[in-house]
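Structure first, then comments.
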Amino acid sequence: MHPQNQIAKKWQKLWEEAKVFEVKEGHKKKFFVLDMFPYPSGKLHLGHARTYSISDCFTRFKRMQGFNVLHPIGYDALGLPAENAAIQNKTHPKTWTEQTITLMKQGQEELGFSYDWSRELRTCDSDYQRWEQWLFLKFYEKNLAYRKKALVNYCNKCNTVLANEQVIDGRCWRCHSEIEQKELEQWFFKITEYAEGLLKDLEKLEKWPERVRLMQKNWIGKSEGVEINFKVKSFEEIITVFTTRPDTIFGVTYMAIAPEHELVMNLVKGTPYEKKIKKFWGQVKKESEIERTSAELEKRGCFTGAFVINPLNNEEVPIFVVDYVLINYGTGSVMGVPAHDQRDFEFAKKYDIPIRIVITPEDKLLDYKKMKEAYVEDGILINSGQFNGLKSIEAIEKISDFIDKNNFGKRAVNYKLRDWLISRQRYWGTPIPIIYCDKCGIVPVPEKDLPVLLPQKVEFTGKGNPLNIESFTKVKCPNCGSIARRETDTMDTFVDSSWYFLRYCSPKYDNGPFEKNAVRYWMPVDTYIGGIEHAILHLLYSRFFTKVLKDMKMLDFDEPFMQLFTHGMVLKEGEVMSKSKGNVVEPEEMYEKYGIDTLRTFMLFGANPEKDLEWSDEGINGIGKFLNRIIELTEFSQTNTAKIKDHYLVSKMHSTIKKVTNNLENFEFNSALVSLFEYTEYLKKNQNLVSKETYKKAIEPLLLMIAPYAPHIAEERWEKFGNKPFISIASWPKYDEHNINPNFEAIEGMIERISYDINSVINLTKIKPTKITLFVAEKWKYNFFSHFKRELEKTRNVSDLIKNTIKYGNEKEIPRLINMILKDPSKMPMAILDEKLEFDIFNQEKQSIANKFKAEVEVLKASDSNEAKAKQALPGKPAILIR
RNA sequence: GCGGAGGUAGCGAAGUGGACAAACGCGGCAGCCUCAAGAGCUGUUCCCUUAGUGGGUUCACAGGUUCGAAUCCUGUCCUCCGCACCA
């Protein structure tokens, strides 16, 4: 066993015994760090390991900062893979799920993540299902859960329907097979009622990544416009269209209607067009959703023989059945304005429909014969009766008003968002608590009868819904007692994950889905950590649930997640790791070889957590070295009493704490590690040059700061260093700005360069020095000065230099520099040469050089005579004299 | 097509106007240690030179702003991601 892992075992046990990570509500300031709970599909993989290392590092940091941190974990245990595995392996989904949870949990425990395990939850537990069903009934009471017959997405491979959000490019999000449209009666959640709130409150989510907010915004897809009613000539029917461009209404030359539209058959029945339209519809229907919605496809349509009347100019225009109009967006019909809409333009060209220009750009005239594409921009209205001469923006207002006033239609808002289809025709989910009675209709299962449990003895054949067995479906109607039938659909697993974060607040609570006070204390989640793949699905649903529960007065906040952090994936050679590609790296293998803390730290070092991490086994060794160095440092018992570098070390310590703290606050774990590398290196180099007290004071912050990365090693060293456990709950080190000397690195660099030169001289002359004389001459100076000297030489423009020094220069140096330049601009290099500060510094640092070379050191100001002396003594080294 | 994020040394990855030939790690090279290998340690790693705190050319490409650009602006090319016949 790797020595690190032995230590890890020890501390994991101690943590558990002392319940270090278990938290209760209290008066301390809380912080809720939530991991997206995993779907247990087998062993922990490297992606999981990285995600949880990220969240654990952050959690531990927050905990050490003194927050009462809730960091729970659980398992999104219901779902199709378990059922499929059951069919394949002839086991029960429950057995399979329990096995995979055990495997996964083992991995999580071994890596030492600081979860409050006492709050672990599983969505397949009966009490979880009970309260989920209870929530469903509340939704049902408020008419937010309803059943309707509709065209729905059906995946033939998964044998179930899917929500719109779960269809990606016309394919199933899980198995990628093509989706078929079927008309079925299904359960929906009325998420569209919350479309506006879900959209508007995106603005509140300042700590969410911009792209996630944008994705949600696009998904909700709000557009404002008007609905306009067109009367159908010689029929009693009306066709309503939705448009965002009422300013183009005088350009309407046809009406486009979706083939599925209920009016179509009425219009053509018994006319010569009936046959043609039926044939056309047949053709379109044969094509898959993917083919039909491909943007490249040429638009096709078919004249119906009917006409509508444009209410604004009373013109008759032909009605076409058209494949490019979607039945489930807007009203399923669109007014055709070929001159100002690209699709309409293409369609009109193909079917010889007139193109009438009603919007013109301000600087030129359009000619419909010469147009190659539609003019879709704003402009000035022409050929538009009383609205001629208006700009598009004004015209949209005026025409909308006009339509409103004359009852030709009304202003309207349209959303792309559809209601959330939650029925699934599968076994391994939470049963929908509904009973169908021939007399009473839809009857909710009474609260006292919850939970509706899944029957255990079920056959998994892969055909049909396994719940469709009499022992489950045959029930008495709770209302009238007559024989009734139980709903066999289960809920989408995304329902399970839409409220689990609330359950974490009081996971054992028995009188409701969550305890109000616990939720009031812990919620909302301060930081939510997970993958970008949930940008729409889960994150939208959870927001919806929160808003609904707020309206039901069960919550007093309306957004569940204050900050969202989306991490990158772990890649190998640019590809996602997967079993089929054979490029899987097992975390277990890695930590057995390199150690648990090394693996954790390495995953935080390789890349910014937000970005993808390109995995390579090679770099991991470097981290091992680094951790070993820290161990060595804490083992070092130095007896030195010199204080040569004390003030530098103190400065370095404070600046390191500052950097690391800021980095961790912003999830820049890799940058924080770099600062820790440097600090470790510095400590190591200067072990002998600092006093014992300072050294000890400097080591402790290092251990504290490495604790979120490598908690086990940190605990071990912390204890060995004479501190009481646990470092995991020790206070995060504080820094004091006054102790940070911004120049010390420059000074140190300077000393190092001098030492290097002294060394070279020694090597050249083979003199073993007893006395070294340093002349503070032009060569030894801050880079800052050399920079300006160079600039001065280049530009010879003193006033510019002064101006820009004020603007950009190091603030502390400005007054002095300006004084110097103002006194005598031409002497500026000399002024720098004689800089008093440098001389003082060298005097201060005399001791450290003396120490290094075990020789006496004297520092002389570089006057002409001194320098001449130096040059004489050692022609190659004008500034150092060695005896 | 629309929207977003990017392109930095052999690789990974920091750096968003001034101490930048550019942190840090990996890899490479040289040295120490060792019989030897590994580990560890020290140094080095754009090019040319040097006794160098010297010179040259760099941060996708091309222009521009500035005393000064990897960093700001404009254009071009490329990569990744999301949405997409949304009226």
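So you know, we letter chains A, B, ... as the sequences are listed, proteins then strands, and number each from 1.
Applying the Watson-Crick and G-U wobble criteria (two distances, each under 3.5 Å), B/U44 pairs with B/G28. Base-pair partner of B/C33: not found among the strands shown (Watson-Crick or G-U wobble, both distances under 3.5 Å).
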Pull out every protein N or O sitting under 3.5 Å from an N or O of nucleotides 39-43 of chain B, one pair per line with the distance.
| from | atom 1 | to | atom 2 | distance (Å) |
| --- | --- | --- | --- | --- |
| B/C41 | OP1 | A/R629 | NE | 3.4 |

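Applying the 4.0 Å criterion to OP1 and OP2 of B/A13, one finds that A/S671 has every side-chain N and O outside that range. The side chain of A/K611 places an N or O atom within less than 4.0 Å of a non-bridging phosphate oxygen (OP1 or OP2) of B/A14. Phosphate contact (OP1/OP2 of B/A87, side-chain N/O of A/Y324, threshold under 4.0 Å): absent.
When heavy atoms are screened at a 4.0 angstrom cut-off, A/F677 is found touching the sugar-phosphate backbone but no base atom. Among the protein residues, A/G622 comes within range of the sugar-phosphate backbone only, with heavy atoms under 4.0 Å from sugar or phosphate atoms but none that close to a base. Using a 4.0 Å heavy-atom cutoff across all strands shown, A/E678 reaches sugar-phosphate atoms only and no base atom.
For A/F280 and A/F320, the gap between ring centers reaches or exceeds 6.0 Å. Annotation: A/Y351 is not in aromatic contact with A/Y254 [ring centroid separation under 6.0 Å not met].
When only modelled atom types and interatomic distance are considered, A/S223 and A/N414 share no side-chain donor-acceptor pair under 3.5 Å.
Residues meeting the ring-ring contact (aromatic ring centres under 6.0 Å, His included) test with A/F345, sequence neighbours left out: none. Judged as a ring-ring contact (aromatic ring centres under 6.0 Å, His included), and not counting sequence neighbours, the contacts of A/F602 are A/W615.
In terms of modelled atom types and a separation under 3.5 Å, the side chain of A/N670 and the main chain of A/F605 share no donor-acceptor contact.
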